[in-house]
**Student:** 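A single structure is presented below for examination.
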There are 2 protein chains.
Amino acid sequence: MTRIPPKTVGRLSLYRRLLDLMRQDGLRFVYSHQLAHDAAATPAQVRRDLMVLGPMGTSNKGYDVEELIAAIDEVLDSPEGQRIALVGVGNLGRAILAFFAGRRPRLAITAGFDNDPTKAARVIMGCRIHNVADLAAVIAQEGITVGIVAVPAASAQAVADKLVAAGVRGIMNFAPSPLKVPPTVHVEDMDITMTLEKVAYYAKHNKEKAVK
Amino acid sequence: MTRIPPKTVGRLSLYRRLLDLMRQDGLRFVYSHQLAHDAAATPAQVRRDLMVLGPMGTSNKGYDVEELIAAIDEVLDSPEGQRIALVGVGNLGRAILAFFAGRRPRLAITAGFDNDPTKAARVIMGCRIHNVADLAAVIAQEGITVGIVAVPAASAQAVADKLVAAGVRGIMNFAPSPLKVPPTVHVEDMDITMTLEKVAYYAKHNKEKAVK
DNA sequence: GCCTGTGAAGCTATTCACAGCT
DNA sequence: AGCTGTGAATAGCTTCACAGGC
């Protein structure tokens, strides 16, 4: 497996979703410029991204939708699937659960954690909620490899440390404070405050130019 | 105003938050390596970012915390402040409202919109909820310049079009579909599904390396 | 003619390394 | 000695432009 650039990984995930919609519409073949249009990218960008899958397209006919999806699955999914733990079942945590309820079976949130005991042992959106005290045990038992941090900034680092100690290899972080983790663990930050201030800045200063 | 790179704008927002915590702890001066530590960046990165503020540091003493914050305010904030509209008051929308309730007064969500009439006219987290039909009127009246799209993918583009028509100059988009907007409008995507699949990919494939 | 795949060029972002200040 | 500010080097990403295929 050759090294895939992070931005490309993200866009492959996007392409797959768009392709899935196309397939539902009965579309068999697609051109790079069609995908580019839907993805708000350029055709060159799309072709460059798809290069990591090996040659997939046919001159003048474009890409076979079915085959493309399969090829992206091959790259992004792991055959046994991966399970995800969500820590922090507040407003945001519940929104995330609702978002993912019954999406990709290969990538499911199978355990939630909260330190509020009234939430523990409940089942929200088909996901069982546990007490954070049981975090390590549940993660080991379910073979969870990915964690979502949706707790206040003050406790985010402590939660991340627990997740890492429990063997998690990737973390999506919603807390507005960068996490310190060993280099073997991959972190993606979703800092809502930061992003909103960025939007506000460009809303104020933009004369031309846009979209990321 | 010289052009500031997007990544730098984001990090300035982060630095400001970290500096604010330091100030609360009574810290007067800070070195680039201390800020870098808290921001999970390198000292060189921090100094490079702070260059857009002009020379601020003192050799051997570092940066005056108070002055730095003021300089960042100067760049990021607009004196009259900016108001934000949130469209879609579902799980995610409410989480965002809770997140921002009473944060920066210079950047506040002052109006929410939903097409569910039972939600309209209510006040959630201090934010008045309107019917989407009144979107243009309310945005004009309150002088709103930034929109947050927190609706399902199917209606995201329609909502974005309405926001743009109403005069909004920046959009934070949570829907998992890229928005088509004119180049005068700045969009930042917060695609939770995409990010999570990215994390899952690197959780599986990472032997070394990490953090963004 | 119109498409894909891709080297090469162009751009943006990060890191290095060091001169200058205190 | 230890810091900032910054040219210069490097790395990463996107766009151009065209050879080759149907």
Side-chain angles (χ1 to χ4, degrees), chain A residues 2-15 19 27-37 39-65 67-68 71-72 178 183 186 188-189 194 198 202 208-212, chain B residues 2-15 19 27-37 39-65 67-68 71-72 178 183 186 188-189 194 198 202 208-212:
Chain A
T2 59
R3 188 124 230 94
I4 304 182
K7 296 258 175 84
T8 297
V9 172
R11 281 187 301 255
L12 286 177
S13 154
L14 172 61
Y15 298 153
L19 288 165
L27 193 66
R28 286 298 186 73
F29 283 86
V30 66
Y31 297 125
S32 61
H33 65 257
Q34 295 176 291
L35 247 187
H37 175 262
T42 66
Q45 176 89 84
V46 170
R47 296 202 301 276
R48 180 64 70 183
D49 287 336
L50 297 184
M51 273 180 69
V52 304
L53 309 174
M56 287 264 107
T58 317
S59 293
N60 224 343
K61 262 182 96 184
Y63 301 86
D64 182 307
V65 173
E67 280 178 20
L68 248 197
I72 295 176
H186 183 91
E188 290 279 339
D189 286 306
M194 197 198 80
K198 212 161 137 181
Y202 285 106
E208 278 300 294
K209 261 311 254 330
V211 184
K212 208 164 280 160
Chain B
T2 59
R3 186 128 231 90
I4 303 182
K7 296 258 175 86
T8 297
V9 173
R11 281 187 301 254
L12 286 177
S13 155
L14 172 60
Y15 298 153
L19 287 165
L27 194 65
R28 289 293 187 76
F29 283 86
V30 66
Y31 296 125
S32 61
H33 65 259
Q34 296 176 291
L35 246 188
H37 175 263
T42 65
Q45 177 88 83
V46 170
R47 294 201 302 273
R48 179 65 71 187
D49 288 335
L50 297 186
M51 272 180 70
V52 304
L53 309 174
M56 287 263 108
T58 316
S59 293
N60 226 339
K61 264 183 98 181
Y63 301 86
D64 181 307
V65 172
E67 279 178 20
L68 249 196
I72 295 176
H186 182 92
E188 290 279 338
D189 286 305
M194 196 199 81
K198 211 160 140 185
Y202 284 106
E208 279 299 296
K209 265 303 260 331
V211 183
K212 208 171 273 160

**Student:** When the nearest nucleotide of DNA chain C is assigned to A/His33 and to B/Arg47 on a heavy-atom basis, which residue is associated with the more 5' position?
**Tutor:** A/His33
**Student:** Does A/Tyr31 make a side-chain N or O approach to OP1 or OP2 of C/dG1 shorter than 4.0 Å?
**Tutor:** no
**Student:** Round to the nearest Å and state the distance from B/Arg3 atom CZ to C/dA13 atom C1'.
**Tutor:** 16 Å
**Student:** For a quick check, tell me whether the side chain of B/Arg48 and the base of C/dT14 share a donor-acceptor pair closer than 3.5 Å.
**Tutor:** no
**Student:** Using a cut-off of less than 4.0 Å, is there contact between a side-chain N or O of B/Gln45 and OP1 or OP2 of C/dA13?
**Tutor:** no
**Student:** Counting only heavy atoms not in B/His37 (residues, nucleotides, ligands), do more than 12 fall under 6.0 Å from its NE2?
**Tutor:** no
**Student:** If every non-hydrogen atom of B/Met56 is compared with every non-hydrogen atom of B/Ala71, which pair is closest and at what distance?
**Tutor:** SD-CB, 3.6 Å
**Student:** For C/dT14, take OP1 and OP2 only and decide whether either is under 4.0 Å from a side-chain N or O of B/Arg11.
**Tutor:** yes
**Student:** Would you mind classifying the nucleic acid contact of B/Ser32 as base, sugar-phosphate or nothing, using non-hydrogen atoms under 4.0 angstrom?
**Tutor:** sugar-phosphate
**Student:** Residues of residues 49-60 of chain B with any non-hydrogen atom less than 4.0 angstrom from an atom of DNA chain C: list those, numerically ordered, please.
**Tutor:** B/Ser59, B/Asn60
**Student:** Report the distance from atom NZ of A/Lys7 to atom P of D/dA11, rounded to the nearest whole Å.
**Tutor:** 18 Å
**Student:** State which residue, out of B/Thr42, B/Leu50, B/Asp49, fulfils the side chain to side chain contact (heavy atoms under 4.5 Å, CB included) condition with B/Val46.
**Tutor:** B/Leu50
**Student:** Can any side-chain N or O of A/Tyr31 pair as donor or acceptor with the backbone N or O of A/Asn60 at less than 3.5 Å?
**Tutor:** yes
**Student:** Quick one: CZ on A/Phe29 to OG1 on A/Thr58, what's the gap to the nearest 0.5 Å?
**Tutor:** 6.0 Å
**Student:** Take atom CD1 of B/Ile4 and atom C1' of C/dT12, then tell me their distance rounded to the nearest Å.
**Tutor:** 16 Å
**Student:** With a 4.5 Å limit on heavy-atom distance, are the side chains of B/Leu53 and B/Ile72 in contact?
**Tutor:** yes
**Student:** About how many Å separate CE of A/Met51 and CD1 of A/Ile4, when rounded to the nearest 0.5 Å?
**Tutor:** 12.0 Å
**Student:** For A/Ala44 and A/Pro5, find the nucleotide of DNA chain D closest to each by heavy atoms; which residue's nucleotide sits nearer the 5' end?
**Tutor:** A/Pro5
**Student:** Output the rounded distance in Å from CG (B/Asp64) to C1' (D/dC3).
**Tutor:** 15 Å
